[in-house]
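Here is the naming used below: chain letters follow the sequence lines, and residue numbers restart at 1 for every chain.
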Number of protein chains: 2
Amino acid sequence: MKKRIRIIDIAEKAGVSKGTVDRVIHKRGHVSPEVKKRILEVMKELDYRPNVIASALAYNKSWKIAALLPNPENDAFWMQPKSGILKALNFTSDYGMNVDFYHFQDANKQHFQNCCDQILSGAYDAVLIAPLYYKESHQFLNECDELGLKYFLFNTFLERTDLSFQCYIGQDSYQSGVLAAKLLDFGIENGDAVMILHLEKGVYNAKHLLAKEQGFQNYFIEHPNRNIQIIKTSFEEPKDSPAFRKFINYQLKSYPNLKGIFVTTSRIHHLVNVLSDIHTKKIKLVGFDLISNNLTDLRAEKIDFLINQNPVKQGYLGILNIFEHLVRKKEIAKIQHLPLDVVMQENVSYYLEADQHMHMMI
Amino acid sequence: MKKRIRIIDIAEKAGVSKGTVDRVIHKRGHVSPEVKKRILEVMKELDYRPNVIASALAYNKSWKIAALLPNPENDAFWMQPKSGILKALNFTSDYGMNVDFYHFQDANKQHFQNCCDQILSGAYDAVLIAPLYYKESHQFLNECDELGLKYFLFNTFLERTDLSFQCYIGQDSYQSGVLAAKLLDFGIENGDAVMILHLEKGVYNAKHLLAKEQGFQNYFIEHPNRNIQIIKTSFEEPKDSPAFRKFINYQLKSYPNLKGIFVTTSRIHHLVNVLSDIHTKKIKLVGFDLISNNLTDLRAEKIDFLINQNPVKQGYLGILNIFEHLVRKKEIAKIQHLPLDVVMQENVSYYLEADQHMHMMI
DNA sequence: TTTAAACATGTGTCCGAAAACATTTTTGTA
DNA sequence: TACAAAAATGTTTTCGGACACATGTTTAAA
């Protein structure tokens, strides 16, 4: 095996000292044009590739990163991105990467802004953020832009002028709607009806929910020969309440040929609670996210499919992209859509175990 | 942020020199029991975690790894694990990991053995192998055991006494059969029939195919209320031949209520060719592997589901496990089943793009 | 022509761990 | 008790690159 080319090899071949080669590599200036040209030629000729290991060791500085996401203690979902972040650190900490977590309280915008302020004054090299609150997030990112603080979005996409974010890592909401439609379509007959059900507040302000709806509808529009009726509904507070029961009962009565329901968020387990009491003929269900309540229903064959948004991987790739950018100084892709995994009782264990493998995906 | 604990920090706290600490860490001996005990205590107390970067730099040796798999030029499938291996190297080469590829010609056992002999005399630190030929592979691995050469299996599982392999990375064949059954089950009605179709030679010597069959059958056994008829068949040479057409035609006539077919390998596209001519009523199809011919049929909605065995990831994790073992000296899991991805027209792009993200999963 | 600022280039130390090498302490035996 | 062998412990160099610092050379103003 050939010995790897070092700086000193270049220096010798170019007849200069390693200091001069270093100045060329790091564009520190103070090198005469001719010498610079010669060194660059030798570098190309010998195909110099820096030793990242030695470089990281010598650099001997640490990178400060802030991670801004909801508090996992309030909403267990967020434990998953957090665990992905921690896994990525397991490896990147060797390179001096450090993450401070800022967990904002759900539905507490004031607290969100406090976190933002702390980050802005914290001398960070990069921020990884789940920009849940539209207006507040934009404001924060504007301030980041002014400060020159680099930010990486995950989970929720925010349109930014000039694509000033470093990258977005998350799902393609539109396509997840298409996928849900196809799954239900596979399990129903010509002429059946399917329902798209939002169980959230403020649906028509949430772009990602609208995108899911669009995708779902468009699938059936593009498959007109299936002759499927689409029902669009929403219910804001899907607790196990009389009101919710009444609502569902009403829907079932109104649409006797209803064979499938697509719930656009992770709240499908609320629907299962109510449906299983009513004990109607089997209605096929597609929802999102491997949270504990949903997993129970999936294993009991009450939910047919859960579309997985890879939350662990989102956190993991978030940190890894920051690493690639800061440490390895590589170009990274602006938009990184993660696979939409189709999870069923029969393959769910792999997606839960996937975390195990990930620790080594250095 | 707390400074990371170094060897010198332990040495100072334990009142010895770093040389002594080093001897304890590397079990080089020549340390008195009391001092050793004290150092180990301090290490635990300070939660010492070695700096892999500095360690790799100082070690300054390279690891020789052999990768033994079929020639991708004969069977394009094997390009995928190979590309996973190369991606893993993109990062691990910084740590001195080097891979030599040994590609055996498909169905040429003599050539396989030549490769094995070369590896055995090549002074390798580890072997990553896809043990396709049962007998020959066992023989080779026996010789590895004698030599003390560590081997890592992927793609195909081989039972070894004492679990002498370092790890197996691949799919769970049985479970993939269960998954296929559930997918078809979702799309058919009570009383319909489904077929399991092997399009390979020597099926009853191929444990993984039998395992798929078992899983498929057991799913329906455990769902008796569905009342699904299972038909087991096989055809060895699924070219676009009159014989194959006749065979398929015969099956369709014999089982008029046939609504789904599960092909146990990647050869489902051969079935599609024949079926699409016959133009019968829609029969739902589930097969394996994102190879080019299958992708075409999936996109044309002629195949409903492809179960993906993550071939790229298999190669990737193969190298990463070797890295964890050799370089980081970590314990690794003996059996690592990769997710069984359910791939459809609507999410196939992510699985093809997944390779892009992977480059950074250092 | 002198001289110092500006520029070009060279040298040395450091990062943390590994391992060769050097020194000190203990042990056993004459 | 003397002394060499063995065991225990300490010191130094090395890995490749980053960067501070030192030295040498050119340029321009006095």
Side-chain angles (χ1 to χ4, degrees), chain A residues 1-40 42-43 46-63 92-98 326-329, chain B residues 1-40 42-43 46-63 93-97 326-329:
Chain A
M1 169 225 171
K2 295 200 306 283
K3 187 171 64 76
R4 250 178 91 159
I5 300 301
R6 302 159 301 172
I7 284 184
I8 189 77
D9 299 317
I10 298 166
E12 277 167 15
K13 181 132 186 181
V16 295
S17 76
K18 68 201 178 101
T20 304
V21 176
D22 178 76
R23 271 182 287 269
V24 171
I25 290 173
H26 292 284
K27 305 195 173 83
R28 299 192 215 277
H30 299 280
V31 180
S32 71
E34 317 89 70
V35 172
K36 180 173 174 178
K37 181 161 167 283
R38 197 166 72 234
I39 290 176
L40 287 173
V42 173
M43 279 173 60
L46 298 185
D47 186 29
Y48 172 71
R49 295 190 311 130
N51 182 325
V52 183
I53 299 294
S55 171
L57 183 63
Y59 184 66
N60 193 38
K61 234 197 278 182
S62 53
W63 302 98
T92 50
S93 67
D94 288 335
Y95 292 81
M97 298 246 306
N98 284 95
L326 292 181
V327 181
R328 307 188 100 177
K329 296 175 192 343
Chain B
M1 166 230 168
K2 295 200 305 284
K3 186 172 64 73
R4 248 180 89 160
I5 301 300
R6 303 159 300 172
I7 283 185
I8 188 78
D9 299 317
I10 297 167
E12 277 167 15
K13 181 133 187 181
V16 295
S17 76
K18 65 203 184 102
T20 305
V21 176
D22 178 76
R23 272 182 287 267
V24 170
I25 290 173
H26 292 283
K27 305 194 172 83
R28 301 192 215 278
H30 298 280
V31 181
S32 71
E34 316 88 71
V35 171
K36 180 174 175 181
K37 183 162 167 282
R38 197 165 74 232
I39 290 175
L40 287 172
V42 173
M43 278 173 62
L46 299 185
D47 185 30
Y48 172 70
R49 296 190 308 130
N51 182 324
V52 184
I53 300 294
S55 171
L57 182 62
Y59 184 67
N60 193 36
K61 239 197 272 183
S62 53
W63 302 98
S93 67
D94 288 337
Y95 293 81
M97 298 244 306
L326 292 181
V327 180
R328 308 187 96 175
K329 298 181 194 331

Closer than 4.0 angstrom, basic N to acidic O: yes or no for B:Arg4 and A:Asp94? yes
Just the rounded figure in Å: distance from P of D:dG16 to CD1 of A:Ile10. 13 Å
Quick one: is C:dG10 close enough that its OP1 or OP2 comes under 4.0 Å of any side-chain N or O from A:Thr20? yes
Measure across B:Arg6 and B:Asp9 and return the closest heavy-atom pair with its distance rounded to 0.1 Å. N-OD2, 2.7 Å
Could you state the NZ-C1' distance from A:Lys27 to D:dA18, rounded to the nearest angstrom? 16 Å
Does A:Arg6 make a side-chain N or O approach to OP1 or OP2 of D:dG17 shorter than 4.0 Å? no
Looking only at side-chain atoms of B:Asp22, point me to the closest of C:dG16, C:dA18, C:dT11. C:dA18
If you pin A:Lys18 and A:Gly29 to their nearest nucleotides in DNA chain C, which one's is more 5'? A:Gly29
At less than 4.0 Å, is any side-chain N or O atom of A:His30 found next to OP1 or OP2 of C:dT9? Yes or no. no
Selected nucleotide, minimal atom distance to A:Asn51 side chain, candidates D:dG17, C:dA18, D:dG10: D:dG17
Closest to the 5' end of DNA chain D, once A:Leu57 and A:Lys61 are matched to their nearest nucleotides, is A:Leu57
If you look at every heavy atom in A:Arg38 and A:Val16, which pair is closest and at what distance? NH2-CG1, 3.7 Å
Indicate whether OP1 or OP2 belonging to D:dT9 is found under 4.0 Å from a side-chain N or O atom of B:Arg23. no
note: A:Tyr95, atom OH; D:dG17, atom P; distance rounded to Å ~ 14 Å
Taking the side chain of A:Ala54 as its heavy atoms from C-beta onward, which of D:dG16, D:dT9, C:dA19 lies nearest to it? D:dG16
Any chance CZ of B:Arg28 has more than 12 other-residue heavy atoms, nucleotides or ligands included, within less than 6.0 Å? yes
Is the phosphate of C:dA8 approached by A:Ser32 (side-chain N or O, under 4.0 Å from OP1 or OP2)? no
Does C:dG16 have OP1 or OP2 sitting under 4.0 Å from an N or O in the side chain of B:Tyr48? no
For A:Ile7, which contact category applies under a 4.0 Å heavy-atom criterion: base, sugar-phosphate, or nothing? sugar-phosphate
Of A:Val16 and B:Ser55, whose closest DNA chain C nucleotide lies nearer the 5' terminus? A:Val16
Start at the 5' end of DNA chain D and walk down; is the nucleotide closest to A:Ile5 or to B:Gly15 reached first? B:Gly15
Closest non-hydrogen atoms of B:Ile53 and B:Tyr95, given as atom of the first, atom of the second and distance, are CD1-OH, 3.7 Å
